[in-house]
Asker: 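Submitted below is the structure of interest, expressed as structure tokens.
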Amino acid sequence: FMDEVQNVYTALQLELFHGGWDYHVLDREFLKRAEISGSSLKIRDEEFSVLVLPPLVAMEEESVRRIGAFLDAGGKVLSIGELPAALQGEKRIARFPLRKHPPFMDQLNYTRALETPPPLKEDLQPLLQKLQAIHPPEVRIAGDTTAGLHWSHRRSDDVDMYWVVNDSDRERSAVWTFPGKGRFERWDAESGKRTPWCNAGLLGMNPWEAFYIVRSDGPADTCPEHP
């Protein structure tokens, strides 16, 4: 069962990452300390509207109570595979079945990116589709393929910083759309150069290139229309 948990736990993180979701891992202590703000779990200055549970057979009573309070407040809980007995009767948890899968974490090859095996990825799809309907990723990428294009978001004061990465060995060109309005700039992390950039615009990236797209308050530059 521990192999199954590790399989799904790792696969969930991989697929959330590839799908463009910004997530955090909570243990029982973080769950205990989290505040319930509206229908979200608040941890310091970050809020989460969805809790995803991997296969579980045991959970502390305090964690069960916190999940119940989160559901009472309108929070969403998704679960794949087995649930502990204390949550078995909780009908507000969206549950998704899971087949048995052989371990894949014992075949790591550090010269290739780790990929979720197709059968396990297939089992995760219904959960990810539900998550997409509840909370779609905040950044949209449109192009021939988005594989290998990644981002992460951090906010400081009134500035949103998106670290965007082309994790592939070829040039990439895609339309990136970031949330919010204001002034957008491309910041080169190596040289410090800042260049105005139009949101929902075509973003060209060299192989293995990474830089920041930064949104700040203020008037936006005049941008051409994009499809």
Side-chain angles (χ1 to χ4, degrees), residues 12-24 37-52 75-76 78 113 115-116 121 124-227:
L12 273 171
Q13 293 182 78
L14 285 170
E15 297 310 306
L16 289 171
F17 172 69
H18 291 312
W21 282 284
D22 198 7
Y23 69 92
H24 284 258
S37 174
S39 59
S40 298
L41 283 174
K42 184 175 182 180
I43 302 174
R44 295 204 174 179
D45 57 352
E46 295 189 277
E47 295 189 12
F48 305 90
S49 58
V50 183
L51 182 64
V52 180
K76 305 297 183 183
L78 312 181
E115 295 288 342
T116 304
K121 185 181 291 190
L124 293 179
Q125 281 310 300
L127 182 149
L128 296 173
Q129 289 169 1
K130 179 71 172 180
L131 179 59
Q132 175 81 30
I134 298 171
H135 188 82
E138 60 177 320
V139 175
R140 300 197 310 272
I141 309 172
D144 57 343
T145 176
T146 61
L149 298 178
H150 307 298
W151 60 273
S152 65
H153 175 208
R154 293 296 178 266
R155 182 172 175 81
S156 177
D157 298 325
D158 294 327
V159 175
D160 290 285
M161 306 184 70
Y162 296 90
W163 179 243
V164 299
V165 178
N166 173 15
D167 188 27
S168 71
D169 60 359
R170 63 185 182 89
E171 292 184 7
R172 307 295 296 277
S173 185
V175 174
W176 292 64
T177 304
F178 298 89
K181 297 181 180 180
R183 178 178 175 82
F184 286 82
E185 294 179 309
R186 171 174 167 164
W187 290 9
D188 188 305
E190 221 174 346
S191 67
K193 181 180 179 181
R194 303 182 181 187
T195 307
W197 184 77
C198 294
N199 193 21
L202 198 63
L203 195 60
M205 305 182 73
N206 294 321
W208 315 117
E209 188 174 23
F211 46 80
Y212 287 102
I213 295 292
V214 179
R215 189 213 65 82
S216 58
D217 294 334
D221 294 309
T222 301
C223 296
E225 293 295 325
H226 296 283

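Below, each value reflects all heavy atoms present in this structure, side chains not excepted, and no hydrogens, waters or symmetry copies.
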Asker: Looking at Gly19 and Pro137, what are the two nearest heavy atoms and their distance?
Answerer: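 Closest approach of Gly19 to Pro137, heavy atoms only: O-CG, 3.2 Å.
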Asker: Which residues satisfy the side chain to side chain contact (heavy atoms under 4.5 Å, CB included) test with Ser191, sequence neighbours excluded?
Answerer: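 Ser191 satisfies side chain to side chain contact (heavy atoms under 4.5 Å, CB included) with Asp188, Lys193 only.
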Asker: Does any part of the side chain of Leu127, heavy atoms only, come nearer than 4.5 Å to the side chain of Leu12, both counted from C-beta?
Answerer: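 Side-chain contact under 4.5 Å: yes.
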Asker: Could you check whether the rings of Tyr162 and Phe178 sit parallel, tilted or perpendicular, using 30° and 60° as the cut-offs?
Answerer: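 Rings of Tyr162 and Phe178: tilted, as their planes differ by 30° to 60°.
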Asker: Heavy-atom distance under 4.5 Å between the side chains of Asp167 and Trp208, does that happen here?
Answerer: yes
Asker: Rounded to the nearest 0.5 Å, what's the gap from OG on Ser216 to CE on Met161? Could you check?
Answerer: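 The CE atom of Met161 is 10.5 Å from OG of Ser216, to the nearest 0.5 Å.
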Asker: Roughly how far, to the nearest 0.5 Å, is CG of Asn206 from OG of Ser168?
Answerer: 10.5 Å
Asker: Sequence neighbours left out, what pairs pass salt bridge (Lys or Arg N to Asp or Glu O under 4.0 Å) with at least one residue falling in residues 155-164?
Answerer: Arg155-Asp158, Arg155-Asp160, Asp160-Arg215
Asker: Go through the steps for Ile141 and Trp151 under the test side-chain contact (heavy atoms from CB on, under 4.5 Å), then give the verdict.
Answerer: CA-CA 10 Å; Ile141 309 172; Trp151 60 273; 4.2 Å; yes
Asker: Excluding sequence neighbours, so at least two apart, what forms side chain to side chain contact (heavy atoms under 4.5 Å, CB included) with Ala189?
Answerer: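 Checked Ala189 against side chain to side chain contact (heavy atoms under 4.5 Å, CB included); matches are Trp163, Tyr212.
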Asker: What's the shortest heavy-atom distance between Ser49 and His135, and which atoms?
Answerer: OG-ND1, 3.5 Å
Asker: State, yes or no, whether a side-chain contact exists between Trp21 and Glu15 at a heavy-atom distance under 4.5 Å.
Answerer: no
Asker: Listed by chain and number, what are the salt bridge (Lys or Arg N to Asp or Glu O under 4.0 Å) partners of Arg154, not counting sequence neighbours?
Answerer: Asp22
Asker: Applying side chain to side chain donor-acceptor pair (under 3.5 Å), which residue pairs with at least one partner in residues 124-133 are found, sequence neighbours left out?
Answerer: none
Asker: Is there a side-chain contact between Phe184 and Trp176 (heavy atoms, below 4.5 Å)?
Answerer: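 They are not in side-chain contact.
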Asker: With a 4.5 Å heavy-atom cut-off, do Asn166 and Leu149 have their side chains touching?
Answerer: yes
Asker: Identify the heavy atoms of Pro179 and Glu138 that sit nearest to each other, and give their distance.
Answerer: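 Pro179 and Glu138 have their closest heavy atoms at CD-O, 3.4 Å.
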Asker: Which residues pass the side chain to side chain contact (heavy atoms under 4.5 Å, CB included) test with Glu46, not counting sequence neighbours?
Answerer: His24, Phe48
Asker: State, yes or no, whether a side-chain contact exists between Met205 and Ser173 at a heavy-atom distance under 4.5 Å.
Answerer: no
Asker: Can you check whether Tyr23 reaches Val52 side chain to side chain, under 4.5 Å on heavy atoms?
Answerer: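 A side-chain contact under 4.5 Å is absent here.
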Asker: How long is the span from the OG1 atom in Thr116 to the CD atom in Gln13, to the nearest 0.5 Å?
Answerer: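 That separation rounds to 10.5 Å.
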Asker: Heavy atoms only: give me the nearest Glu47-Ser37 pair and the separation to one decimal.
Answerer: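 Heavy atoms of Glu47 and Ser37 come nearest at OE2-OG, 3.6 Å.
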Asker: Any chance you could measure Lys121, atom NZ, to Glu115, atom CD, to the nearest 0.5 Å?
Answerer: 5.5 Å
Asker: Spell out, as yes or no, whether a donor-acceptor pair under 3.5 Å connects the side chain of Arg172 to the backbone of Val165.
Answerer: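 Between the backbone of Val165 and the side chain of Arg172 there is no qualifying donor-acceptor contact (under 3.5 Å).
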Asker: Answer whether the closest heavy-atom distance between the side chains of Ser39 and Lys76 falls below 4.5 Å.
Answerer: no
Asker: Atom CG of Asp217 and atom CZ of Arg183: how far apart are they, to the nearest 0.5 Å?
Answerer: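 Taking CG in Asp217 and CZ in Arg183, the distance rounds to 12.5 Å.
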Asker: Between OG1 of Thr177 and CG of Asn199, what distance do you get to the nearest 0.5 Å?
Answerer: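 One gets 6.0 Å once the value is rounded to the nearest 0.5 Å.
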